[in-house]
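Hydrogens, waters and symmetry mates are skipped; everything else that's a heavy atom, side chains included, is used. Just so it is clear, the structure is predicted and the values come from calculations on it, not from any experiment.
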Amino acid sequence: MKRLVVCVWFIFLNQLNQYGVCDPSIDIENLAFLNRTTPSDRQLYDFRLEHPEPIGITTTSSGLPVEIRDTTALNMNQYKNQFHVDLMTDFTNPRIPERVVHAKGTGAWGYFEVLHDVSKYTTADIFNGIGKKTPAFVRFSQAIQSLGGYDTGREQKALSVKFFTREGNLDFLSLHTPVYFYKDAINFEPFGAVIKRNPKTFRRDFTAFWDFISQKPETLHATFWLMSDYGLPNGYRKADYFPIQTYEIRNKHGDRHFVRFNFRTCQGIENLPDSEANLIIPRDPDYFNRDLYDSIEDKNYPSWDLEMDVLSYDDVRRVNYDPFDVTRLWKRGTYHTIQIGRLTLNRNPDNFFRDVELAALNPSNLVPGIPGPIDSMFRARRFAYRQTQIHRLGINHNRIHVNTPLYRKEYNRDGKPPVLENMKDAPMYFPNSFNGPVWYVDESRPKDSLSLLQSKAVDLEVPAEFYHNYVVTEGQKGRFVNNTIALLLPVAPYIQRRVIRLFTLVDPDLGRRLTRSLLQAEQSPGFAPPRVLIPPKKHYYSSEYNMKLHG
Ligand SMILES: *[C@@H]1O[C@H](CO)[C@@H](O)[C@H](O)[C@H]1NC(C)=O
(Lines give C-alpha, C1' and ligand atoms only; values in the text may rest on other atoms or scores of the structure.)
Protein backbone atom coordinates (compact mmCIF):
# COMPACT_ATOMS: atom_id res chain seq x y z
CA MET A 1 0.00 0.00 0.00
CA LYS A 2 2.80 2.39 0.90
CA ARG A 3 4.42 1.57 -2.43
CA LEU A 4 1.23 2.45 -4.26
CA VAL A 5 0.95 5.81 -2.54
CA VAL A 6 4.48 6.70 -3.56
CA CYS A 7 3.59 5.70 -7.11
CA VAL A 8 0.68 8.07 -7.23
CA TRP A 9 2.91 10.83 -5.99
CA PHE A 10 5.31 10.14 -8.80
CA ILE A 11 2.73 10.17 -11.51
CA PHE A 12 1.24 13.32 -10.06
CA LEU A 13 4.58 15.07 -10.21
CA ASN A 14 5.33 13.62 -13.64
CA GLN A 15 8.69 12.27 -12.57
CA LEU A 16 8.11 8.57 -12.88
CA ASN A 17 8.40 8.30 -16.65
CA GLN A 18 12.11 9.06 -16.50
CA TYR A 19 12.77 6.11 -14.28
CA GLY A 20 10.22 3.60 -15.44
CA VAL A 21 10.21 2.05 -11.96
CA CYS A 22 8.42 2.87 -8.82
CA ASP A 23 11.06 2.79 -6.13
CA PRO A 24 9.72 3.20 -2.60
CA SER A 25 13.19 4.33 -1.48
CA ILE A 26 12.64 7.64 -3.28
CA ASP A 27 11.02 9.91 -0.76
CA ILE A 28 9.89 13.51 -0.83
CA GLU A 29 13.41 14.80 -0.19
CA ASN A 30 14.58 12.97 -3.30
CA LEU A 31 11.72 14.42 -5.31
CA ALA A 32 12.93 17.91 -4.53
CA PHE A 33 16.38 16.80 -5.65
CA LEU A 34 14.93 15.48 -8.92
CA ASN A 35 13.14 18.74 -9.50
CA ARG A 36 16.19 20.93 -9.17
CA THR A 37 18.62 18.83 -11.19
CA THR A 38 19.12 17.56 -14.72
CA PRO A 39 20.18 14.01 -15.70
CA SER A 40 23.86 14.96 -15.82
CA ASP A 41 23.71 15.98 -12.14
CA ARG A 42 22.14 12.65 -11.24
CA GLN A 43 24.42 10.11 -12.91
CA LEU A 44 25.57 8.58 -9.61
CA TYR A 45 22.06 8.63 -8.21
CA ASP A 46 20.80 6.79 -11.29
CA PHE A 47 23.58 4.23 -10.95
CA ARG A 48 22.39 3.43 -7.45
CA LEU A 49 18.81 3.11 -8.66
CA GLU A 50 19.97 0.55 -11.21
CA HIS A 51 22.15 -1.27 -8.68
CA PRO A 52 20.40 -1.52 -5.32
CA GLU A 53 23.30 -3.72 -4.05
CA PRO A 54 27.09 -3.12 -4.35
CA ILE A 55 28.22 -4.51 -7.70
CA GLY A 56 30.77 -6.89 -6.17
CA ILE A 57 33.93 -7.38 -4.09
CA THR A 58 36.75 -4.92 -4.86
CA THR A 59 39.92 -6.34 -6.39
CA THR A 60 43.35 -5.08 -7.38
CA SER A 61 44.15 -4.77 -11.08
CA SER A 62 45.30 -8.39 -11.11
CA GLY A 63 42.11 -9.58 -9.49
CA LEU A 64 43.22 -10.02 -5.87
CA PRO A 65 40.15 -9.54 -3.61
CA VAL A 66 40.83 -6.65 -1.20
CA GLU A 67 40.52 -7.35 2.52
CA ILE A 68 39.09 -4.54 4.63
CA ARG A 69 42.26 -4.08 6.74
CA ASP A 70 44.19 -3.17 3.56
CA THR A 71 42.07 -0.08 2.95
CA THR A 72 44.41 2.13 4.97
CA ALA A 73 48.11 2.87 4.55
CA LEU A 74 48.53 3.97 8.17
CA ASN A 75 50.74 2.02 10.59
CA MET A 76 51.82 -0.69 8.18
CA ASN A 77 54.55 -1.74 5.81
CA GLN A 78 53.12 -0.14 2.69
CA TYR A 79 54.94 -2.51 0.35
CA LYS A 80 52.98 -5.35 1.85
CA ASN A 81 49.73 -3.70 0.85
CA GLN A 82 49.32 -4.50 -2.85
CA PHE A 83 46.03 -2.60 -2.98
CA HIS A 84 47.87 0.56 -1.94
CA VAL A 85 50.70 -0.03 -4.44
CA ASP A 86 48.10 -0.57 -7.17
CA LEU A 87 46.26 2.66 -6.31
CA MET A 88 49.40 4.80 -6.16
CA THR A 89 50.78 3.56 -9.46
CA ASP A 90 47.39 3.98 -11.11
CA PHE A 91 47.20 7.53 -9.78
CA THR A 92 50.55 8.43 -11.32
CA ASN A 93 50.08 6.63 -14.66
CA PRO A 94 46.73 6.80 -16.44
CA ARG A 95 47.21 10.00 -18.52
CA ILE A 96 47.58 9.86 -22.26
CA PRO A 97 48.77 12.86 -24.32
CA GLU A 98 46.16 15.56 -24.76
CA ARG A 99 45.01 16.23 -28.32
CA VAL A 100 47.02 19.06 -29.91
CA VAL A 101 43.81 20.84 -30.92
CA HIS A 102 40.19 19.97 -30.18
CA ALA A 103 41.23 18.60 -26.78
CA LYS A 104 38.04 19.45 -24.93
CA GLY A 105 34.90 17.70 -26.01
CA THR A 106 32.30 15.04 -25.52
CA GLY A 107 30.63 12.35 -27.59
CA ALA A 108 27.62 10.16 -28.26
CA TRP A 109 26.56 7.04 -30.13
CA GLY A 110 23.88 6.97 -32.78
CA TYR A 111 23.11 6.03 -36.36
CA PHE A 112 22.77 7.43 -39.84
CA GLU A 113 19.62 6.67 -41.82
CA VAL A 114 19.33 7.04 -45.60
CA LEU A 115 16.16 8.99 -46.47
CA HIS A 116 16.68 9.76 -50.17
CA ASP A 117 17.87 7.89 -53.25
CA VAL A 118 21.30 9.26 -54.15
CA SER A 119 22.51 6.24 -56.13
CA LYS A 120 22.77 8.54 -59.17
CA TYR A 121 25.69 10.23 -57.41
CA THR A 122 27.42 7.68 -55.24
CA THR A 123 28.09 3.97 -54.88
CA ALA A 124 29.06 4.31 -51.22
CA ASP A 125 27.12 1.64 -49.35
CA ILE A 126 26.30 3.91 -46.41
CA PHE A 127 24.39 6.33 -48.66
CA ASN A 128 22.43 3.70 -50.62
CA GLY A 129 19.13 2.00 -49.84
CA ILE A 130 16.39 4.15 -48.35
CA GLY A 131 15.88 3.16 -44.71
CA LYS A 132 19.38 1.69 -44.31
CA LYS A 133 20.84 2.47 -40.88
CA THR A 134 24.58 2.69 -40.25
CA PRO A 135 25.92 2.87 -36.69
CA ALA A 136 27.88 6.02 -35.85
CA PHE A 137 29.91 7.64 -33.11
CA VAL A 138 30.20 11.40 -32.85
CA ARG A 139 32.81 13.38 -30.98
CA PHE A 140 32.04 17.05 -30.38
CA SER A 141 34.86 19.41 -29.52
CA GLN A 142 36.20 22.90 -28.99
CA ALA A 143 39.00 23.85 -31.38
CA ILE A 144 41.25 25.71 -28.96
CA GLN A 145 40.37 24.82 -25.37
CA SER A 146 42.63 22.48 -23.45
CA LEU A 147 41.05 19.58 -21.55
CA GLY A 148 40.26 21.68 -18.50
CA GLY A 149 38.85 24.60 -20.46
CA TYR A 150 35.35 25.95 -20.92
CA ASP A 151 32.71 25.49 -23.60
CA THR A 152 31.26 28.92 -24.21
CA GLY A 153 34.21 30.52 -25.98
CA ARG A 154 34.10 32.17 -29.38
CA GLU A 155 35.91 29.47 -31.33
CA GLN A 156 35.16 26.73 -33.82
CA LYS A 157 33.04 23.86 -32.51
CA ALA A 158 33.31 20.49 -34.19
CA LEU A 159 31.13 17.49 -34.91
CA SER A 160 33.38 14.60 -35.94
CA VAL A 161 31.46 11.54 -36.97
CA LYS A 162 32.71 8.02 -37.52
CA PHE A 163 30.29 5.95 -39.60
CA PHE A 164 30.81 2.20 -39.18
CA THR A 165 29.89 1.26 -42.76
CA ARG A 166 30.04 -2.22 -44.30
CA GLU A 167 32.95 -0.95 -46.41
CA GLY A 168 35.03 0.40 -43.56
CA ASN A 169 34.93 3.48 -41.39
CA LEU A 170 34.00 6.80 -42.96
CA ASP A 171 34.98 9.81 -40.85
CA PHE A 172 33.67 13.33 -41.51
CA LEU A 173 35.38 15.93 -39.34
CA SER A 174 33.11 18.95 -39.46
CA LEU A 175 33.35 22.48 -38.10
CA HIS A 176 30.47 24.77 -37.24
CA THR A 177 31.81 27.37 -39.68
CA PRO A 178 31.44 26.38 -43.35
CA VAL A 179 34.89 27.75 -44.21
CA TYR A 180 38.40 27.39 -42.83
CA PHE A 181 41.14 29.96 -42.20
CA TYR A 182 43.57 29.07 -44.98
CA LYS A 183 43.89 26.78 -47.97
CA ASP A 184 47.68 26.36 -47.88
CA ALA A 185 48.70 23.51 -45.57
CA ILE A 186 51.98 25.25 -44.71
CA ASN A 187 49.91 27.34 -42.27
CA PHE A 188 48.91 24.50 -39.94
CA GLU A 189 51.87 24.90 -37.58
CA PRO A 190 52.05 28.74 -37.36
CA PHE A 191 48.28 29.08 -37.07
CA GLY A 192 48.26 26.47 -34.33
CA ALA A 193 50.83 28.59 -32.53
CA VAL A 194 48.83 31.84 -32.71
CA ILE A 195 45.66 30.32 -31.34
CA LYS A 196 47.50 28.54 -28.53
CA ARG A 197 49.41 30.22 -25.70
CA ASN A 198 52.24 32.72 -25.78
CA PRO A 199 55.55 30.94 -24.99
CA LYS A 200 56.50 33.40 -22.24
CA THR A 201 53.24 34.57 -20.65
CA PHE A 202 51.41 31.30 -21.35
CA ARG A 203 48.23 33.25 -22.09
CA ARG A 204 46.20 33.46 -25.29
CA ASP A 205 47.93 36.24 -27.21
CA PHE A 206 45.61 38.30 -29.37
CA THR A 207 48.45 40.43 -30.71
CA ALA A 208 49.87 37.26 -32.25
CA PHE A 209 46.41 36.30 -33.49
CA TRP A 210 45.68 39.59 -35.27
CA ASP A 211 49.25 39.91 -36.48
CA PHE A 212 48.82 36.61 -38.30
CA ILE A 213 45.26 37.30 -39.48
CA SER A 214 46.13 40.73 -40.86
CA GLN A 215 49.09 39.37 -42.83
CA LYS A 216 47.04 36.50 -44.26
CA PRO A 217 43.80 38.12 -45.42
CA GLU A 218 42.45 34.76 -46.63
CA THR A 219 41.84 34.06 -42.91
CA LEU A 220 39.35 36.94 -42.67
CA HIS A 221 36.35 34.99 -43.89
CA ALA A 222 36.54 32.32 -41.16
CA THR A 223 37.38 35.06 -38.64
CA PHE A 224 34.24 36.93 -39.70
CA TRP A 225 32.12 33.83 -39.05
CA LEU A 226 33.58 33.63 -35.55
CA MET A 227 33.04 37.33 -34.79
CA SER A 228 29.44 37.16 -35.99
CA ASP A 229 26.54 35.73 -33.96
CA TYR A 230 27.30 32.34 -35.56
CA GLY A 231 30.68 32.27 -33.83
CA LEU A 232 29.18 30.96 -30.59
CA PRO A 233 26.26 28.52 -30.76
CA ASN A 234 24.14 27.83 -27.70
CA GLY A 235 25.39 24.24 -27.29
CA TYR A 236 26.61 21.60 -29.72
CA ARG A 237 23.06 20.68 -30.71
CA LYS A 238 22.16 24.14 -31.98
CA ALA A 239 24.60 24.45 -34.88
CA ASP A 240 25.12 23.24 -38.44
CA TYR A 241 28.43 21.50 -39.18
CA PHE A 242 30.51 21.27 -42.34
CA PRO A 243 33.33 18.91 -43.40
CA ILE A 244 34.18 21.98 -45.58
CA GLN A 245 36.46 20.24 -48.05
CA THR A 246 35.29 19.41 -51.55
CA TYR A 247 34.92 15.65 -51.94
CA GLU A 248 34.92 13.67 -55.15
CA ILE A 249 32.20 11.00 -55.31
CA ARG A 250 31.27 8.61 -58.09
CA ASN A 251 28.37 6.42 -59.16
CA LYS A 252 28.43 2.85 -60.44
CA HIS A 253 29.09 3.98 -64.01
CA GLY A 254 32.20 5.85 -62.88
CA ASP A 255 30.59 9.32 -63.34
CA ARG A 256 32.14 11.81 -60.97
CA HIS A 257 30.64 14.67 -59.01
CA PHE A 258 32.26 17.06 -56.58
CA VAL A 259 30.40 17.77 -53.38
CA ARG A 260 30.46 19.67 -50.14
CA PHE A 261 28.60 17.90 -47.35
CA ASN A 262 26.52 19.85 -44.81
CA PHE A 263 25.04 18.66 -41.53
CA ARG A 264 21.95 20.82 -40.88
CA THR A 265 20.71 20.83 -37.30
CA CYS A 266 17.14 19.65 -36.73
CA GLN A 267 17.16 21.53 -33.40
CA GLY A 268 17.34 24.92 -35.15
CA ILE A 269 20.32 27.27 -35.05
CA GLU A 270 20.61 29.19 -31.79
CA ASN A 271 23.49 31.44 -30.82
CA LEU A 272 24.77 32.70 -27.50
CA PRO A 273 25.68 36.37 -27.02
CA ASP A 274 28.99 37.06 -25.26
CA SER A 275 27.13 38.78 -22.42
CA GLU A 276 25.38 35.51 -21.52
CA ALA A 277 28.36 33.29 -22.30
CA ASN A 278 30.56 35.20 -19.86
CA LEU A 279 28.08 34.47 -17.07
CA ILE A 280 28.04 30.76 -17.87
CA ILE A 281 31.82 30.26 -17.89
CA PRO A 282 32.46 30.24 -14.13
CA ARG A 283 29.17 28.54 -13.24
CA ASP A 284 29.02 25.75 -15.78
CA PRO A 285 32.26 25.38 -17.76
CA ASP A 286 31.00 22.13 -19.31
CA TYR A 287 27.71 23.73 -20.38
CA PHE A 288 27.82 22.16 -23.87
CA ASN A 289 28.52 18.71 -22.44
CA ARG A 290 25.62 19.03 -20.03
CA ASP A 291 23.24 20.13 -22.78
CA LEU A 292 24.09 17.17 -25.02
CA TYR A 293 24.08 14.63 -22.19
CA ASP A 294 20.78 15.82 -20.75
CA SER A 295 18.97 15.92 -24.06
CA ILE A 296 19.98 12.32 -24.83
CA GLU A 297 19.07 11.10 -21.33
CA ASP A 298 15.71 12.85 -21.70
CA LYS A 299 15.23 10.92 -24.99
CA ASN A 300 15.17 14.21 -26.85
CA TYR A 301 17.60 12.80 -29.41
CA PRO A 302 19.49 15.42 -31.38
CA SER A 303 19.74 14.94 -35.13
CA TRP A 304 21.23 16.53 -38.22
CA ASP A 305 20.13 16.23 -41.84
CA LEU A 306 23.02 15.39 -44.12
CA GLU A 307 22.88 17.05 -47.52
CA MET A 308 25.42 17.68 -50.24
CA ASP A 309 26.03 20.63 -52.53
CA VAL A 310 26.85 19.18 -55.96
CA LEU A 311 28.97 20.33 -58.89
CA SER A 312 29.33 18.03 -61.90
CA TYR A 313 32.74 17.06 -63.28
CA ASP A 314 32.23 19.65 -66.05
CA ASP A 315 30.97 22.36 -63.67
CA VAL A 316 33.92 22.01 -61.38
CA ARG A 317 36.30 22.91 -64.19
CA ARG A 318 34.09 25.68 -65.58
CA VAL A 319 33.10 27.79 -62.55
CA ASN A 320 34.86 31.16 -62.19
CA TYR A 321 36.15 30.48 -58.67
CA ASP A 322 38.19 27.75 -56.99
CA PRO A 323 35.65 25.22 -55.66
CA PHE A 324 38.41 23.43 -53.73
CA ASP A 325 39.34 26.59 -51.80
CA VAL A 326 38.32 25.95 -48.16
CA THR A 327 38.42 29.67 -47.33
CA ARG A 328 35.40 30.36 -49.53
CA LEU A 329 31.84 29.21 -50.07
CA TRP A 330 30.65 28.05 -53.46
CA LYS A 331 28.93 30.86 -55.33
CA ARG A 332 25.17 30.87 -55.18
CA GLY A 333 23.51 29.66 -58.36
CA THR A 334 26.47 27.51 -59.47
CA TYR A 335 25.48 24.29 -57.68
CA HIS A 336 22.44 22.36 -56.48
CA THR A 337 21.76 20.70 -53.12
CA ILE A 338 20.75 17.08 -52.63
CA GLN A 339 19.33 15.61 -49.42
CA ILE A 340 20.81 12.30 -48.26
CA GLY A 341 19.61 11.29 -44.81
CA ARG A 342 19.71 11.94 -41.11
CA LEU A 343 22.25 11.44 -38.31
CA THR A 344 20.64 10.83 -34.92
CA LEU A 345 22.38 10.50 -31.55
CA ASN A 346 20.58 8.29 -29.05
CA ARG A 347 23.07 6.94 -26.52
CA ASN A 348 25.52 8.56 -24.13
CA PRO A 349 28.77 6.66 -23.64
CA ASP A 350 28.82 4.66 -20.41
CA ASN A 351 32.45 5.55 -20.02
CA PHE A 352 33.87 8.84 -21.27
CA PHE A 353 37.52 7.79 -21.45
CA ARG A 354 36.82 4.52 -23.21
CA ASP A 355 34.69 6.09 -25.94
CA VAL A 356 35.44 9.79 -26.21
CA GLU A 357 39.10 10.07 -25.24
CA LEU A 358 40.08 6.97 -27.18
CA ALA A 359 38.15 7.97 -30.31
CA ALA A 360 40.58 8.47 -33.19
CA LEU A 361 38.93 10.52 -35.91
CA ASN A 362 40.74 10.82 -39.20
CA PRO A 363 39.42 12.47 -42.39
CA SER A 364 41.41 10.01 -44.48
CA ASN A 365 39.19 7.18 -43.22
CA LEU A 366 37.24 6.93 -46.49
CA VAL A 367 35.13 4.31 -48.28
CA PRO A 368 35.04 3.00 -51.87
CA GLY A 369 33.56 5.63 -54.19
CA ILE A 370 34.78 8.53 -52.01
CA PRO A 371 38.50 8.79 -52.81
CA GLY A 372 39.06 11.99 -50.84
CA PRO A 373 39.67 15.66 -51.67
CA ILE A 374 42.63 16.56 -53.89
CA ASP A 375 43.78 19.87 -52.43
CA SER A 376 46.84 20.76 -50.35
CA MET A 377 44.93 20.81 -47.07
CA PHE A 378 43.57 17.30 -47.45
CA ARG A 379 46.91 15.87 -48.53
CA ALA A 380 48.44 17.28 -45.34
CA ARG A 381 45.57 15.99 -43.25
CA ARG A 382 45.93 12.49 -44.69
CA PHE A 383 49.09 11.83 -42.75
CA ALA A 384 48.78 14.42 -39.95
CA TYR A 385 45.73 12.89 -38.27
CA ARG A 386 47.03 9.35 -38.41
CA GLN A 387 50.40 10.49 -37.12
CA THR A 388 48.89 12.34 -34.17
CA GLN A 389 46.68 9.36 -33.23
CA ILE A 390 49.72 7.10 -33.32
CA HIS A 391 51.44 9.46 -30.89
CA ARG A 392 48.39 9.71 -28.65
CA LEU A 393 47.03 6.15 -28.72
CA GLY A 394 49.63 4.00 -30.45
CA ILE A 395 49.88 2.24 -33.77
CA ASN A 396 46.90 0.02 -32.97
CA HIS A 397 44.42 2.87 -32.37
CA ASN A 398 42.05 1.36 -34.95
CA ARG A 399 41.85 -1.79 -32.84
CA ILE A 400 40.52 0.15 -29.84
CA HIS A 401 36.85 -0.60 -29.23
CA VAL A 402 35.41 2.77 -30.35
CA ASN A 403 37.47 2.77 -33.57
CA THR A 404 37.21 -0.82 -34.80
CA PRO A 405 35.62 -1.15 -38.23
CA LEU A 406 32.84 -3.70 -38.74
CA TYR A 407 35.10 -5.79 -40.99
CA ARG A 408 38.89 -5.95 -40.87
CA LYS A 409 41.45 -8.28 -42.47
CA GLU A 410 44.85 -6.65 -42.47
CA TYR A 411 48.50 -7.50 -42.99
CA ASN A 412 49.60 -5.32 -40.04
CA ARG A 413 50.60 -7.15 -36.86
CA ASP A 414 51.77 -6.62 -33.29
CA GLY A 415 52.65 -3.38 -31.53
CA LYS A 416 51.41 -1.78 -28.36
CA PRO A 417 48.05 -3.29 -27.28
CA PRO A 418 45.23 -3.61 -27.96
CA VAL A 419 46.01 -6.13 -30.68
CA LEU A 420 42.63 -7.92 -30.60
CA GLU A 421 43.08 -11.32 -32.26
CA ASN A 422 46.20 -9.98 -34.10
CA MET A 423 45.04 -11.88 -37.21
CA LYS A 424 45.88 -15.11 -35.38
CA ASP A 425 47.73 -17.60 -37.62
CA ALA A 426 46.86 -16.09 -41.03
CA PRO A 427 49.75 -15.48 -43.50
CA MET A 428 51.32 -12.12 -42.63
CA TYR A 429 52.95 -11.17 -45.95
CA PHE A 430 51.80 -10.64 -49.49
CA PRO A 431 51.77 -11.91 -52.11
CA ASN A 432 51.29 -15.30 -50.50
CA SER A 433 50.08 -18.57 -51.96
CA PHE A 434 48.25 -19.70 -48.82
CA ASN A 435 44.90 -17.90 -48.88
CA GLY A 436 45.70 -14.85 -46.82
CA PRO A 437 43.41 -11.84 -47.48
CA VAL A 438 43.05 -10.98 -51.18
CA TRP A 439 42.24 -7.80 -53.14
CA TYR A 440 38.96 -6.76 -54.73
CA VAL A 441 38.37 -5.12 -58.11
CA ASP A 442 36.37 -1.92 -58.55
CA GLU A 443 35.29 -1.70 -62.21
CA SER A 444 33.90 1.82 -61.81
CA ARG A 445 37.13 3.38 -60.54
CA PRO A 446 38.21 6.10 -63.01
CA LYS A 447 41.59 5.74 -64.72
CA ASP A 448 42.54 9.41 -64.40
CA SER A 449 42.22 11.98 -61.66
CA LEU A 450 41.74 15.70 -61.73
CA SER A 451 44.87 17.72 -60.99
CA LEU A 452 44.60 21.01 -59.20
CA LEU A 453 46.59 24.25 -59.36
CA GLN A 454 45.56 26.69 -56.66
CA SER A 455 46.14 30.43 -56.83
CA LYS A 456 47.72 32.37 -53.96
CA ALA A 457 45.65 35.48 -54.75
CA VAL A 458 43.30 36.62 -51.98
CA ASP A 459 39.77 37.68 -52.84
CA LEU A 460 38.34 40.16 -50.30
CA GLU A 461 35.00 39.83 -52.07
CA VAL A 462 34.61 36.60 -50.07
CA PRO A 463 34.49 38.10 -46.53
CA ALA A 464 32.58 41.08 -47.97
CA GLU A 465 29.85 38.75 -49.22
CA PHE A 466 29.63 37.11 -45.80
CA TYR A 467 29.35 40.48 -44.09
CA HIS A 468 26.64 41.67 -46.48
CA ASN A 469 24.62 38.44 -46.35
CA TYR A 470 24.93 37.35 -42.72
CA VAL A 471 25.60 40.51 -40.70
CA VAL A 472 22.62 42.60 -41.67
CA THR A 473 20.70 44.16 -38.78
CA GLU A 474 22.03 46.91 -36.53
CA GLY A 475 22.12 44.40 -33.65
CA GLN A 476 24.15 41.90 -35.67
CA LYS A 477 26.57 44.61 -36.78
CA GLY A 478 26.92 45.96 -33.24
CA ARG A 479 27.67 42.53 -31.78
CA PHE A 480 30.06 41.73 -34.64
CA VAL A 481 32.04 44.88 -33.86
CA ASN A 482 31.88 44.34 -30.08
CA ASN A 483 33.03 40.73 -30.38
CA THR A 484 35.94 41.84 -32.54
CA ILE A 485 36.89 44.66 -30.22
CA ALA A 486 36.98 42.42 -27.18
CA LEU A 487 39.86 40.59 -28.86
CA LEU A 488 41.42 43.69 -30.44
CA LEU A 489 41.74 45.86 -27.33
CA PRO A 490 44.95 44.41 -25.88
CA VAL A 491 46.68 44.43 -29.26
CA ALA A 492 49.66 46.58 -30.30
CA PRO A 493 48.41 49.77 -32.02
CA TYR A 494 50.08 49.22 -35.39
CA ILE A 495 48.51 45.77 -35.59
CA GLN A 496 45.14 47.33 -34.68
CA ARG A 497 45.61 49.84 -37.52
CA ARG A 498 46.42 47.03 -39.95
CA VAL A 499 43.25 45.17 -38.91
CA ILE A 500 41.13 48.31 -39.31
CA ARG A 501 42.65 48.92 -42.75
CA LEU A 502 41.71 45.39 -43.84
CA PHE A 503 38.19 45.59 -42.42
CA THR A 504 37.81 48.93 -44.25
CA LEU A 505 38.90 47.35 -47.52
CA VAL A 506 36.23 44.70 -47.03
CA ASP A 507 33.57 47.27 -46.20
CA PRO A 508 34.16 51.00 -45.52
CA ASP A 509 31.19 51.23 -43.17
CA LEU A 510 32.49 48.28 -41.14
CA GLY A 511 35.88 50.01 -40.94
CA ARG A 512 34.25 53.18 -39.59
CA ARG A 513 32.21 51.25 -37.02
CA LEU A 514 35.27 49.39 -35.83
CA THR A 515 37.35 52.57 -35.52
CA ARG A 516 34.63 54.39 -33.63
CA SER A 517 33.91 51.56 -31.20
CA LEU A 518 37.57 50.82 -30.62
CA LEU A 519 38.15 54.45 -29.60
CA GLN A 520 35.15 54.34 -27.27
CA ALA A 521 36.22 51.06 -25.75
CA GLU A 522 39.77 52.25 -25.18
CA GLN A 523 38.35 55.10 -23.14
CA SER A 524 36.17 52.87 -20.95
CA PRO A 525 38.31 50.44 -18.96
CA GLY A 526 36.65 47.13 -18.23
CA PHE A 527 34.80 47.16 -21.57
CA ALA A 528 35.60 43.63 -22.44
CA PRO A 529 34.77 41.16 -19.72
CA PRO A 530 36.21 38.94 -18.42
CA ARG A 531 39.53 40.74 -19.03
CA VAL A 532 40.58 43.19 -16.31
CA LEU A 533 42.48 46.16 -17.67
CA ILE A 534 45.44 47.00 -15.45
CA PRO A 535 46.79 50.55 -15.95
CA PRO A 536 50.14 50.23 -17.73
CA LYS A 537 53.26 51.07 -15.75
CA LYS A 538 54.45 54.61 -16.34
CA HIS A 539 57.74 53.73 -17.99
CA TYR A 540 55.89 52.16 -20.91
CA TYR A 541 55.11 55.70 -21.99
CA SER A 542 58.64 57.05 -21.64
CA SER A 543 60.41 58.39 -24.70
CA GLU A 544 63.06 55.73 -24.17
CA TYR A 545 60.48 52.99 -24.68
CA ASN A 546 59.13 54.77 -27.75
CA MET A 547 62.63 55.05 -29.16
CA LYS A 548 63.16 51.36 -28.64
CA LEU A 549 59.88 50.70 -30.38
CA HIS A 550 60.45 52.92 -33.39
CA GLY A 551 64.21 53.37 -33.48
C1 LIG B 1 28.50 47.06 -27.73
O2 LIG B 1 29.18 47.46 -26.57
C3 LIG B 1 28.77 48.72 -26.06
C4 LIG B 1 29.70 49.11 -24.92
O5 LIG B 1 29.67 48.13 -23.91
C6 LIG B 1 27.31 48.63 -25.63
O7 LIG B 1 26.87 49.90 -25.16
C8 LIG B 1 26.49 48.20 -26.83
O9 LIG B 1 25.15 48.01 -26.43
C10 LIG B 1 27.02 46.93 -27.44
N11 LIG B 1 26.29 46.65 -28.66
C12 LIG B 1 25.59 45.52 -28.82
C13 LIG B 1 24.83 45.42 -30.11
O14 LIG B 1 25.57 44.63 -28.02
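With no hydrogens or angles considered, no side-chain donor-acceptor pair links Arg260 and Gln245 at under 3.5 Å. At a cut-off of 3.5 Å, with distance as the only test, no side-chain donor of Asp314 or Ser312 sits close to an acceptor on the other residue.
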Kindly indicate, with the supporting measurements, whether the criterion side-chain contact (heavy atoms from CB on, under 4.5 Å) is fulfilled by Ile500 and Leu518.
CA-CA 10 Å; Ile500 288 176; Leu518 190 61; 3.9 Å; yes
Going through the distances and angles, do His397 and Arg392 end up as a side-chain contact (heavy atoms from CB on, under 4.5 Å)?
CA-CA 9 Å; His397 56 271; Arg392 209 169 61 84; over 6 Å; no
For side-chain contact (heavy atoms from CB on, under 4.5 Å), just list the numbers for Arg204 and Ile144, CA-CA rounded to whole Å, side-chain angles, deciding distance to a tenth of an Å, and then say yes or no.
CA-CA 10 Å; Arg204 295 277 299 282; Ile144 306 176; 3.6 Å; yes
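In this structure, Phe480 and Phe224 have perpendicular ring planes: the angle between them is above 60°, well past the 30° mark.
Salt-bridge check for Lys104 with Asp286: passed, with a basic side-chain N closer than 4.0 Å to an acidic carboxylate O. Salt bridge Arg328/Asp325: absent, no basic N to carboxylate O contact under 4.0 Å.
Less than 6.0 angstrom separates the ring centroid of Phe191 from the ring centroid of Phe181. Checked against a 6.0 Å centroid threshold, the rings of Phe263 and Phe261 do not count as neighbours.
The closest side-chain heavy-atom distance from Tyr241 to Phe172 is not below 4.5 Å. Side chains of Thr122 and Arg250 form no contact here, defined as non-hydrogen atoms less than 4.5 Å apart.
Cation-pi check for Arg317 over Tyr313 is met; the charged atom lies under 6.0 angstrom from the ring centroid and within 45 degrees of its normal.
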Without placing hydrogens or testing angles, list every side-chain donor-acceptor pair under 3.5 Å for residues 93-101, not counting sequence neighbours.
residue, atom, partner, partner atom, Å
Asn93, ND2, Thr89, O, 2.8
Glu98, OE2, Leu147, N, 3.1
Arg99, NH2, Val356, O, 3.1
Arg99, NH2, Ala359, O, 2.8

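Under the salt bridge (charged side-chain N to carboxylate O under 4.0 Å, His left out) criterion, the residue pairs touching residues 216-231 are Asp229-Arg479, with sequence neighbours excluded.
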